[in-house]
Structure formats: structure tokens, C-alpha cells
Amino acid sequence: MIDPRLLRQDIDDVARRIGRRGFELDVAWFREREDRRKTLQVETERLQSERRTMSKRIGAAKAAGEDAVPLIAAVGDLGDRLAAAKAGFEAVRAELDAWELTVPNLPNEAVPLGKDETDNVELRRWRMPPAFNFEPRNHVDLAAGLLDMEAAAKVAGARFSVLRGGLAKLHRALTQYMLDVHTAEHGYQEVYVPYVVDRAALEGTGQLPKFEADLFAISGERDQFLIPTAEVPVTNLVRDRILDGADLPLRFVAHTPCFRSEAGNYGKDTHGIFRQHQFEKVELVQIVEPDRSWQALEELTGHAETILQRLELPYRAMTLCAGDLGFAAAKTIDLEVWLPAEKRYREISSCSNFLDFQARRMMARFRSPGGKPAYVHTLNGSGLAVGRTLIAVLENYQDGAGAIGVPDVLRNYMGGQSRLEP
RNA sequence: GGAGAGGUGGCUGAGCGGUCGAAAGCGCUGGUCUUGAAAACCAGAGGAGGGCGACCUUCCCGGGGUUCGAAUCCCCGCCUCUCCGCCA
């Protein structure tokens with residue numbers, strides 16, 4: 001949520017900055033409600049004040065043993081007038097609140113202008129794509145008998161997968177390795193969290209109210225959803241809390257499945273496991289003091305890059321342009337891994353600084369000694385998407401004879417195995 | 001699933017129709033003392049929001065209701081804890 005004071009003070013500047021996303025802010029709509037809100041709020045509070053004063057006087061009269069009947073009569077229809085004013089005020093307030101939840105975050109001014117992913121700007125590259133003396137095969141061919149899309153379709157439908165044997169083990173090895181590096185070397189606390197969340201949690205991080213169609217809702221009387229990312233339960237750990245400034249930064253890492261409906265992506269990435277309704281991700285989340293968040297974004301991105309480097313997977317880092325930015329992010333750096341069969345880089349991690357946008361929605365604050373509560377800044381990034389990392393390992397480590405080399409750092413997690421022969 | 005207890009400020013916890021934004025303790029801030037710190041003592045400070053301002057409103061899990069007036073009474077949710085049953 002954007003600072004409401006900023007909206008009131010300089011809505012035109014907000015509109016300009018948010019316009020860089022291609023988002024058109026309805027300035028006239030806002031001004032009209034805001035004017036009414038002001039009048040109605042002042043009037044409502046005036047009546048409330050009046051009622052308070054009168055009630056206190058009645059109480060005092062009764063305590064003194066005086067006759068309170070004339071005073072009670074004098075209150076007259078105050079209650080009705082107050083109720084009417086209050087109803088009007090609350091209606092506008094509700095409209096404004098609902099509207100504010102649909103306005104995306106302001107992009108950082110340094111974020112490049114642009115419309116979609118074709119306008120993203122390359123920051124750096126690590127390692128050149130490997131040269132193969134054969135035509136590299138894609139992950140579906142390479143995984144052969146160990147990847148069973150038909151079995152998954154049978155039990156769940158399209159965009160699910162069944163991994164077997166060594167492939168399932170490699171998938172697990174990747175997960176374990178990522179968790180171990182982030183906890184042992186990067187100072188993250190591992191957390192195990194619910195895979196089901198309520199509406200408030202999703203509003204806190206920004207998936208709701210606008211993107212309900214992207215989620216799997218749980219049917220039943222409860223208003224709950226499967227998590228689309230661990231970002232939701234993990235970031236919401238600090239919802240409605242005033243943290244001690246001395247405890248910051250908080251760094252959490254969680255391994256969870258992620259569930260996405262992928263509505264609107266029907267024809268996209270239909271081959272293999274690149275885009276699934278269910279996938280695993282190791283997620284990094286940081287809760288930091290406001291003046292540290294830009295530095296924290298660089299560090300967090302570096303933590304994700306460490307995994308790619310240790311796995312010796314060629315990648316590049318991209319700064320997302322304003323038009324490609326997610327709803328809640330002020331700036332995002334994507335990591336794209338090289339996929340030899342596709343002969344291009346594909347997203348494997350997305351690292352974002354949300355500034356106080358999520359914190360304001362969640363009421364997540366901190367207090368420095370003697371200071372007033374202030375909103376924290378929140379960040380997160382994939383470190384990494386496990387399924388896509390599996391694809392990258394298969395394709396980059398293929399030997400041309402149908403076998404896959406096991407990356408050095410994973411050998412211990414694979415029982416010493418150095419090759420996978422599907 | 002059955003029975004009971006409870007949800008109050010950063011935390012613990014009292015209050016149970018009016019003078020309650022709410023005792024007390026812890027923690028916090030400033031001061032005295034000290035070379036410094038601790039201890040002790042003194043003083044101070046709740047959160048959110050509105051108004052150009054003097055100020056004002058709101059908040060005791062959430063939502064309704066009763067009342068001139070609700071932390072306090074009533075109803076409906078949600079959550080936590082204890083016991084029994086069942087169960088991974």
C-alpha cells in the first residue's frame with residue numbers, strides 16, 4: 001500500500017511515478033472521494049465529541065445524586081444524526097480502503113522504463129553458455145523414464161509431474177543443498193510454515209485482492225488458499241507486530257511447494273516441468289530497517305547467485321523494467337539460467353525489494369530505542385526455484401550419451417553418486 | 001467430536017456500565033549517583049487516524065446488539081489453553 005499521506009499530498013506525482021509501470025491512476029476518482037471523506041470525517045468526529053461530552057455530564061449528574069432526566073432529554077436525536085454521519089463516512093472510507101489495495105507500488109526511480117520483459121536490462125553475466133559437440137537435448141528427453149507426465153495427469157490433470165528414482169532424489173538433493181548453504185553460510189533461519197493461508201495474509205503481501213484468479217482456493221466454509229509462494233506465510237510472520245529494532249534484520253529461508261493456477265498462461269511452456277501448478281521453491285525472506293533495504297537486495301540476490309555458481313550453471317542477472325515489475329515490488333532483479341536445449345536464458349529466481357509497501361498492509365513495524373514505531377522494509381527472492389534448477393542441471397550436465405553428471409556439490413547428497421542414468 | 005477456561009498496551013497482568021486509554025510489574029527513555037556500567041532513586045512515554053491550527057476522534061481478539069454512555073452486559077464468529085474420545 002502506498003502511503004496515504006503521499007496520495008493526499010501529491011497525487012499527481014504519485015500518478016506520474018506509477019505511470020512508469022503503465023498503470024493509470026484515476027486521480028479524479030481519488031480526489032472526489034478524498035474531498036468527501038474529509039468533510040464527513042470532520043462532521044462525524046464532531047458529533048462523536050458532542051455525544052461523549054453529554055454522556056459524561058449525565059454520568060457526573062447521576063454520581064452527584066442530581067436528576068439526569070433533563071440532560072438525557074437534551075441529547076435528543078444526537079444518536080440518529082451521529083449514526084447517519086458515520087454511515088456516510090464509513091462508506092467513503094471503505095471505498096478508499098478497497099481502492100488503495102488495488103494500487104501497485106511505486107517503482108524505484110532507477111528502475112528502467114519499459115513495457116514488458118523485452119525491455120529488461122542485463123546487469124551482469126556469469127560464465128558463458130557451454131559449447132556442446134552434440135545437439136543438446138531438452139530436460140524431458142533427458143529425464144526419460146524417470147519423469148512421468150502421464151501418471152501425474154492421471155491423478156491430478158495437466159501441469160503436474162511425477163518424478164521417480166534418481167530424478168526425485170536429485171530434486172531433493174538440490175533442495176537440501178540450497179537450505180544448507182543459506183542457513184550455514186548466509187545467516188538465514190530455516191522455517192517450516194503452513195502451505196495454506198487466509199485472505200489477510202495474501203492481502204498483506206499483495207496477492208489479494210487483485211490476483212485471486214492466480215490462486216488455488218480451498219473449497220469449504222473457510223476462506224483459505226494454497227500458497228503461491230512461501231513469501232506469503234513467511235513474510236506474514238511479522239504481521240501486526242512491533243519488532244525490536246535490535247532484532248533486525250530477520251532472515252528466513254523456507255522450502256515449500258508453491259501452487260499456481262496459471263490462469264491466462266494456457267499455451268505457455270506446456271512441455272515438461274518448467275511451468276507447473278505445483279512446484280518446489282527455496283525462498284529467502286528478509287525483514288530489515290528501511291535504510292538497509294537496498295543493500296539487502298544486493299546481498300539477497302548474491303545469496304541466490306551463490307547457488308547457481310556452486311552448481312556451475314551459467315546465468316545472467318536482469319533488472320526488471322517498470323512495466324514488468326510485480327504489483328508490490330519497487331525493484332526486482334531476476335536471475336536467468338542458461339538452458340542449452342532452448343538456447344536461451346530463463347527465469348530461475350526473482351529478488352525484490354518491496355520497501356514499506358507490504359509492511360504497511362501487514363502493519364509490520366519496528367521500534368528503535370526511544371523511537372516511534374516505523375514500518376520495516378521487506379524483501380524476498382527465490383534461492384532457487386527447485387524444479388527449474390533441476391531442468392538446468394539436466395540440460396547443462398548432459399554428456400551426449402544420455403547420462404547426466406551430478407554437480408560436485410551435490411554428490412554427498414546423492415550418496416556419492418556422480419552420474420544419473422535415466 | 002464432547003466438556004471447561006480464557007483472549008486487555010512492547011511483554012506479563014488487574015479492572016467487569018460513567019471520573020478508564022485503562023492499576024501494577026517487566027522492558028523502554030531522560031535525569032541523579034558513578035571514572036564508566038550495574039544497582040538504587042526521581043521523572044517520562046500507548047497504538048492508529050483526522051484537522052492549517054487550538055485540538056479532536058478511535059482502539060481492551062473480530063463483527064453485530066442493548067444503553068444517554070460498553071474493556072465491562074447480550075448474540076455470532078475466530079483464536080489459545082486444559083481434560084476426554086478418535087487419529088498421522
Side-chain angles (χ1 to χ4, degrees), chain A residues 1-11 30-31 33-101 192-204 208 218 220-225 233 236-248 250 287 289 356 358-376:
Chain A
M1 195 159 90
I2 293 177
D3 186 351
R5 255 164 255 159
L6 193 60
L7 285 173
R8 284 196 287 266
Q9 280 162 15
D10 202 350
I11 182 85
F30 175 78
R31 282 219 173 93
R33 309 302 131 127
E34 177 55 19
D35 285 347
R36 270 167 48 211
R37 188 226 98 225
K38 197 161 163 175
T39 317
L40 288 163
Q41 181 161 358
V42 169
E43 172 65 3
T44 303
E45 292 185 356
R46 211 206 83 238
L47 289 168
Q48 271 170 335
S49 177
E50 199 177 320
R51 183 186 68 179
R52 239 170 97 91
T53 311
M54 294 299 283
S55 293
K56 280 200 174 173
R57 212 171 286 164
I58 292 167
K62 284 197 169 176
E66 295 163 12
D67 180 14
V69 174
L71 281 172
I72 292 174
V75 172
D77 64 346
L78 185 61
D80 292 338
R81 282 187 291 139
L82 175 58
K86 203 170 178 180
F89 166 58
E90 276 170 2
V92 195
R93 177 77 273 164
E95 267 193 281
L96 279 165
D97 288 347
W99 180 81
E100 279 164 18
L101 285 177
Y192 171 80
V193 293
Y195 303 157
V196 171
V197 290
D198 63 18
R199 195 166 281 273
L202 288 155
E203 274 182 7
L208 288 181
I218 308 248
E221 69 277 21
R222 298 289 193 104
D223 203 15
Q224 295 173 321
F225 301 83
N236 274 280
L237 292 175
V238 298
R239 181 167 102 212
D240 288 322
R241 290 191 56 191
I242 299 178
L243 303 159
D244 186 338
D247 294 338
L248 300 179
L250 297 176
I287 312 295
E289 292 181 77
D356 59 3
Q358 294 181 325
R360 181 170 281 112
R361 289 171 159 242
M362 290 191 299
M363 283 299 277
R365 294 165 293 164
F366 77 103
R367 196 201 302 268
S368 309
K372 283 287 204 181
Y375 292 114
V376 295

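Numbered from 1 within each chain, the chains take letters A, B, ... in sequence-line order. All values reported here derive from a predicted model rather than from experimental measurement.
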Of the listed nucleotides [options], the one nearest the side chain of [X]:
| X | options | value |
| --- | --- | --- |
| A:Ser55 | B:rA48, B:rU58, B:rG69 | B:rG69 |
| A:Arg52 | B:rU57, B:rG51, B:rG18 | B:rU57 |
| A:Pro373 | B:rU19, B:rG51, B:rG47 | B:rG47 |
| A:Val42 | B:rG10, B:rG51, B:rG49 | B:rG51 |
| A:Gln41 | B:rG51, B:rG49, B:rC68 | B:rG49 |
| A:Lys62 | B:rC52, B:rC68, B:rG47 | B:rC68 |
| A:Lys56 | B:rG47, B:rG21, B:rC56 | B:rG21 |

Round to the nearest Å and state the distance from [X] atom [atom1] to [N] atom [atom2].
| X | N | atom1 | atom2 | answer |
| --- | --- | --- | --- | --- |
| A:Phe89 | B:rC56 | CZ | P | 18 Å |
| A:Lys38 | B:rC52 | NZ | C1' | 9 Å |
| A:Arg46 | B:rC55 | CZ | C1' | 15 Å |

Indicate, with a heavy-atom threshold strictly under 4.0 Å, whether A:Ile58 touches base, sugar-phosphate, or nothing.
-> base
Within the structure shown, what part of the strands sits under 4.0 Å from A:Arg5 by heavy-atom distance: base, sugar-phosphate, or nothing?
-> sugar-phosphate
Please determine which of A:Arg361, A:Gln358, A:Met362 meets the side chain to side chain contact (heavy atoms under 4.5 Å, CB included) test together with A:Arg239.
-> A:Met362
Using purine N1 to pyrimidine N3 plus N6-O4 or O6-N4 for Watson-Crick, or N1-O2 and O6-N3 for G-U wobble, each under 3.5 Å, what pairs with [N]?
| N | answer |
| --- | --- |
| B:rA37 | none |
| B:rC60 | none |
| B:rC73 | B:rG65 |
| B:rC87 | none |

[N] versus [M] - spacing of their [atom1] atoms, nearest Å:
| N | M | atom1 | answer |
| --- | --- | --- | --- |
| B:rC75 | B:rG6 | P | 15 Å |
| B:rG21 | B:rU58 | C1' | 11 Å |
| B:rG27 | B:rC76 | P | 43 Å |
| B:rC84 | B:rA40 | P | 44 Å |
| B:rC28 | B:rG51 | P | 36 Å |
| B:rG53 | B:rG65 | C1' | 38 Å |

Would you give me the side-chain donor-acceptor pairs under 3.5 Å for residues 52-69 of chain A, sequence neighbours excluded?
residue : atom : partner : partner atom : Å
A:Thr53 : OG1  : A:Ser49 : O            : 2.8
A:Ser55 : OG   : A:Arg51 : O            : 3.1
A:Asp67 : OD1  : A:Val69 : N            : 3.0

Kindly compute the distance separating CG (A:Leu101) from CD1 (A:Ile2), expressed to the nearest 0.5 Å.
-> 11.5 Å
Which residues share a ring-ring contact (aromatic ring centres under 6.0 Å, His included) with A:Phe89, sequence neighbours left out | none
